[in-house]
Peer 1: 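Before I ask anything, let me first share the structure, which is written out below as structure tokens.
We use all heavy atoms of the structure for the numbers below, so side chains are in, but hydrogens, waters and symmetry mates are not. Worth saying up front: this structure is predicted, and the values here are computed from it rather than measured. Labels below follow one simple rule: chain letters A, B, ... track the order of the sequence lines, proteins then strands, and each chain is numbered from 1.
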Number of protein chains: 2
Amino acid sequence: MRIGELAEASGTTTKTLRFYEEAGLLPAPDRTANGYRDYAAEALARLGFIRRSRTAGFTLAQIREVLDIRDAGVAPCRHVQDLLETRLDDLDRQIADLQALRHTVAQLSNAAATVDPTDCDATTICRYL
Amino acid sequence: MRIGELAEASGTTTKTLRFYEEAGLLPAPDRTANGYRDYAAEALARLGFIRRSRTAGFTLAQIREVLDIRDAGVAPCRHVQDLLETRLDDLDRQIADLQALRHTVAQLSNAAATVDPTDCDATTICRYL
DNA sequence: ATGGACCTTCCAGTGCAGGGAAAGGTCAAG
DNA sequence: CTTGACCTTTCCCTGCACTGGAAGGTCCAT
């Protein structure tokens, strides 16, 4: 399978595939006589895993960790379980932070909608913020 | 006021102050005879505004817009109101996205905690993701 | 006069995940 | 035989908000 076919089949771009190879996420494939990359069918499953992991919000570095464990012949279950729990904690923290921020911004927005701007003072730049 | 004093008074760094000047957020201050930046007291209020805006999640580009309007002699009230509402919408979207993602990751995490990993298959890399 | 705390400029890098463009090789169809 | 769709490598660029470091000037106290 050539790089363009794999890119289309996996829903990504040739650029990204070369980048993943460079980044150690995809093993360097065989080359045909003319130097073209020649991917085996497994690459597609691997890219599916990468895509699902990205969708779950994992970084390429985290995905590479999992792949390295798998490539060492070990099932990465324990590591993936830990990653999922950590990711859940991170998400909870991010959501809480954003909700707190939303609260602050909502108050500012309400104030801006109700307070009369006539006594705006140039030295404070803007009384709404 | 020299740059170090202003940095300390505003709770930032000299590096950041030069960066803000370069980025058009702080007007270029006067210079003393020896070439040192010599800030007027207004710079402190301006930095306070920048800090509050950053806390509300605005980008430097957005803050610069507001400052440019103010510097043109116009009260930026209307623009700030719009920015606040847009920011609120953005936050709502971000929060909703993260909550949807949290839901997905929670399901994956639950599955990983309950499903027996014995029938893991190397071709799918990891059955949890 | 010398040390240290300031200040100046300019250049370059950080992290993340790629994207763009140049300059060239290869292959099948018309 | 040429056109166009592929493929190759290499290098640099993006956005965001800074941060680090080098090389040098200035000021004050000791």
Peer 1: Round to the nearest Å and state the distance from A:Glu22 atom CD to D:dT9 atom P.
Peer 2: 10 Å
Peer 1: State which of D:dT9, D:dC18, C:dA17 makes the closest approach to the side chain of A:Arg37.
Peer 2: D:dT9
Peer 1: Considering all heavy atoms of both residues, which atom of B:Cys126 and which atom of A:Val80 are nearest to each other, and what is their separation?
Peer 2: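 Here B:Cys126 and A:Val80 meet closest at SG-CG2, 3.7 Å.
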Peer 1: What's the closest nucleotide to the B:Ile3 side chain, out of D:dA17, D:dC6, C:dT8?
Peer 2: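 When the side chain of B:Ile3 is considered, C:dT8 is the closest of D:dA17, D:dC6, C:dT8.
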Peer 1: Measure from the side chain of B:Phe19, starting at C-beta and using heavy atoms only, and say which of D:dC7, D:dC18, C:dT8 lies closest.
Peer 2: D:dC18
Peer 1: Give a yes or no on this: more than 12 heavy atoms of other residues, nucleotides or ligands lie within 6.0 Å of atom CD of A:Glu8.
Peer 2: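 No, CD of A:Glu8 has 12 or fewer neighbouring heavy atoms, counting only those of other groups under 6.0 Å.
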Peer 1: Regarding B:Arg78 and B:Gln81, is there a side-chain donor-to-acceptor distance under 3.5 Å anywhere?
Peer 2: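 Side chains of B:Arg78 and B:Gln81: pair found under 3.5 Å.
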Peer 1: To the nearest angstrom, how far is B:Leu17 atom CG from C:dC7 atom P?
Peer 2: 10 Å
Peer 1: Any side-chain N or O of B:Tyr20 below 4.0 angstrom from OP1/OP2 of D:dC18?
Peer 2: yes
Peer 1: Return the value, rounded to whole Å, for the distance between atom CD of B:Gln62 and atom C1' of D:dC16.
Peer 2: 12 Å
Peer 1: On DNA chain D, compare the nucleotides closest to B:Lys15 and B:Thr59; which residue's is nearer the 5' end?
Peer 2: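 Its nearest nucleotide lies further toward 5', so the answer is B:Thr59.
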Peer 1: What's the closest nucleotide to the side chain of A:Thr13 if the choices are D:dC6, C:dG19, C:dG18?
Peer 2: C:dG19
Peer 1: Given that A:Arg54 and B:Glu5 both sit by DNA chain C, which one's nearest nucleotide is further toward the 5' end?
Peer 2: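 The residue whose closest nucleotide sits nearer the 5' end is B:Glu5.
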Peer 1: Would you say A:Thr16 places a side-chain N or O within less than 4.0 Å of OP1 or OP2 belonging to C:dG19?
Peer 2: yes
Peer 1: In whole Å, what is the span from the CG atom of A:Leu26 to the C1' atom of C:dG18?
Peer 2: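 Going from CG in A:Leu26 over to C1' in C:dG18 covers 14 Å.
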Peer 1: Taking only N and O in the side chain of B:Arg51, is any of them less than 4.0 Å away from OP1 or OP2 of D:dA17?
Peer 2: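 For D:dA17, neither OP1 nor OP2 has a side-chain N or O of B:Arg51 closer than 4.0 Å.
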Peer 1: Between atom CZ in A:Arg64 and atom P in C:dG15, what is the gap in whole Å?
Peer 2: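 Answer to the nearest Å: 12 Å.
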Peer 1: Taking atom C1' of C:dT8 as reference, at what distance in whole Å does atom CZ of B:Arg18 sit?
Peer 2: 7 Å
Peer 1: Side chain of A:Tyr36 only, heavy atoms from C-beta on: which candidate in C:dT8, C:dG25, D:dA17 is closest?
Peer 2: C:dG25
Peer 1: Can you tell me which nucleotide in D:dG21, C:dC27, C:dG19 comes closest to the side chain of A:Asn34?
Peer 2: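 Selected nucleotide (nearest to the side chain): C:dC27.
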Peer 1: Would you call B:Asp89-A:Arg102 a salt bridge at under 4.0 Å N-O?
Peer 2: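 No, no charged N to carboxylate O under 4.0 Å.
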Peer 1: Would you find a donor on one side and an acceptor on the other, under 3.5 Å apart, between the side chain of A:Thr104 and the backbone of A:Ala100?
Peer 2: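 At least one qualifying donor-acceptor pair exists.
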Peer 1: Please give, in whole Å, the distance from C:dG19 P to A:Leu60 CG?
Peer 2: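 Distance check: A:Leu60 CG to C:dG19 P gives 12 Å.
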Peer 1: What's the CD-P distance between A:Glu21 and C:dA17, to the nearest Å?
Peer 2: 18 Å
